[in-house]
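Shown next, in structure tokens, is the structure this report addresses.
Note that the coordinates shown come from a computational prediction; the quantities given were computed from them, not determined experimentally. Below, chain A is the first sequence line, B the second, and so on; all start at residue 1.
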Amino acid sequence: MSQQIQNKEKCSRCGKNNLVTESGELFCSSCGFVIAEKISDSGPERMFSDTSVNKSRTGDRTSLTRHDQGLSTIINPLNKDASGKPLSALMKASLNQLRKLNSRSSVNPSVDRNLQQALSELLKMKEKLSLSDAVAEKAAYIYRKALERKLVRGRSISALIASSLYAACRESGIPRTLKEVSSAINITKKDLSACYRLILKELDLKMPVVDSVSCIAKIASIANLSEKTKRYAIKFLKKAEQEQILAGKDPMGMAGSALYLASIMTDEHITQKDIAMAAGTTEVTIRNRCKNLRSLNVS
DNA sequence: TAAGATAAGAGGGACAT
DNA sequence: ATGTCAGTCTTATCTTA
């Protein structure tokens, strides 16, 4: 899902004409300079089943705040996914079930109430985590599927909607950690991850592994690191990928360590503590990952 | 003060029972 | 369904340069 979209502007650092947007960040594919984060995705993201097709992307809120007026807007009848590709037969089938659920829920006060509460929580989280509408839409969609599977029974709405949002982030390749999401809605990381795994299992979702390279941009901007350092860090990660030492490791930890080692090479002194803070992990983890990474020869 | 080392504890996956 | 096992990450504490 992480398609790159070319942009016409020039990079303000290297001047080249290679700006792309990916994972909600606008950056230069030549030098890696990040021009803006959290920009709204310019790709196709919604289709409308009603007649008002020409709504501006940046205009009014649409389906998210209209849960009480008509759920049908969120599931378009075209059987296309967010990027406009046709859906698989399996997806079509589940969409049909979902439409049935929607038509039923308008006369089912309990489901309706649940949705209202979940969506208002979702909006809060979306603001706190600075996420795009597209991700929120995706999260709402996942949540409805979870509702349909009766996954709320015995679980808190907060946990379920939070894990839906986390899943949406993962699917979109936007780096948000379990920790960030869980603290945005005041549930424990443990609950969130348990709920997230349940959703993956029950809904049979397949998530891409978090790309540690995309974590680099995030950490580096928090820690104020130079482009040069970032480039070295990416080299480290590429090498690490070849050597297959990335598997099973926390991507934020890997990215943080790569940046740390890179910052030594570029004489850009940053402490392990600061890196760990920026990466949302601990110094110990940074050190352990560094041990793995040090055996690699990157020049 | 920063970095390295060590140990205890938690949570989750794989696998067997 | 439940238990065990190996591997990972986190937290806390101590040592080293």
According to a strict under-4.0 Å criterion, is A:T285 in side-chain N/O contact with OP1 or OP2 of C:dT8?
no

If I take atom CZ in residue A:R289 and atom C1' in nucleotide C:dT8, what distance separates them, rounded to the nearest angstrom?
8 Å

Contacts of A:S158 meeting side chain to side chain contact (heavy atoms under 4.5 Å, CB included) (sequence neighbours excluded), chain-then-number -> A:E121, A:S156, A:I185, A:I187

Scan nucleotides 1-6 of chain B against the protein and return all N/O pairs shorter than 3.5 Å with their distances rounded to 0.1 Å.
residue, atom, partner, partner atom, Å
B:dA3, OP1, A:Y260, OH, 3.4
B:dA3, OP2, A:Q272, N, 3.0
B:dG4, OP2, A:Q272, NE2, 2.4
B:dG4, N7, A:R287, NH1, 3.2
B:dG4, N7, A:R287, NH2, 3.4
B:dA5, N6, A:R287, NH2, 3.4

Rounded to whole angstroms, how far apart are CE on A:M252 and P on C:dC9?
13 Å

Do any of residues 182-197 of chain A sit with a heavy atom less than 4.0 Å from DNA chain C, and if so which?
none

Can you list the residues that meet the salt bridge (charged side-chain N to carboxylate O under 4.0 Å, His left out) rule with A:R149, with sequence neighbours excluded?
A:E202

When clusters are formed by joining ILVMFWY residues with side-chain heavy atoms under 4.5 Å apart, either directly or through shared neighbours, do A:M207 and A:I161 land in the same one?
yes

For A:E180, all residues meeting salt bridge (charged side-chain N to carboxylate O under 4.0 Å, His left out), sequence neighbours excluded:
A:K218

Pairs satisfying ring-ring contact (aromatic ring centres under 6.0 Å, His included), at least one member in residues 205-224 of chain A, at least two apart:
none

Taking only residues two or more places apart in sequence, or in another chain, which ones meet A:A220 in a side chain to side chain contact (heavy atoms under 4.5 Å, CB included)?
A:L225, A:K230, A:L259

In a table with atom names and distances, give each donor-acceptor pair under 3.5 Å that connects a side chain of residues 272-279 of chain A to protein atoms at least two apart or in another chain.
residue, atom, partner, partner atom, Å
A:Q272, OE1, A:R287, NH1, 2.9
A:Q272, NE2, A:Y260, OH, 3.4
A:D274, OD2, A:T271, OG1, 3.2

State which residues pass ring-ring contact (aromatic ring centres under 6.0 Å, His included) with A:Y196; sequence neighbours excluded, sorted by chain then number.
A:Y166

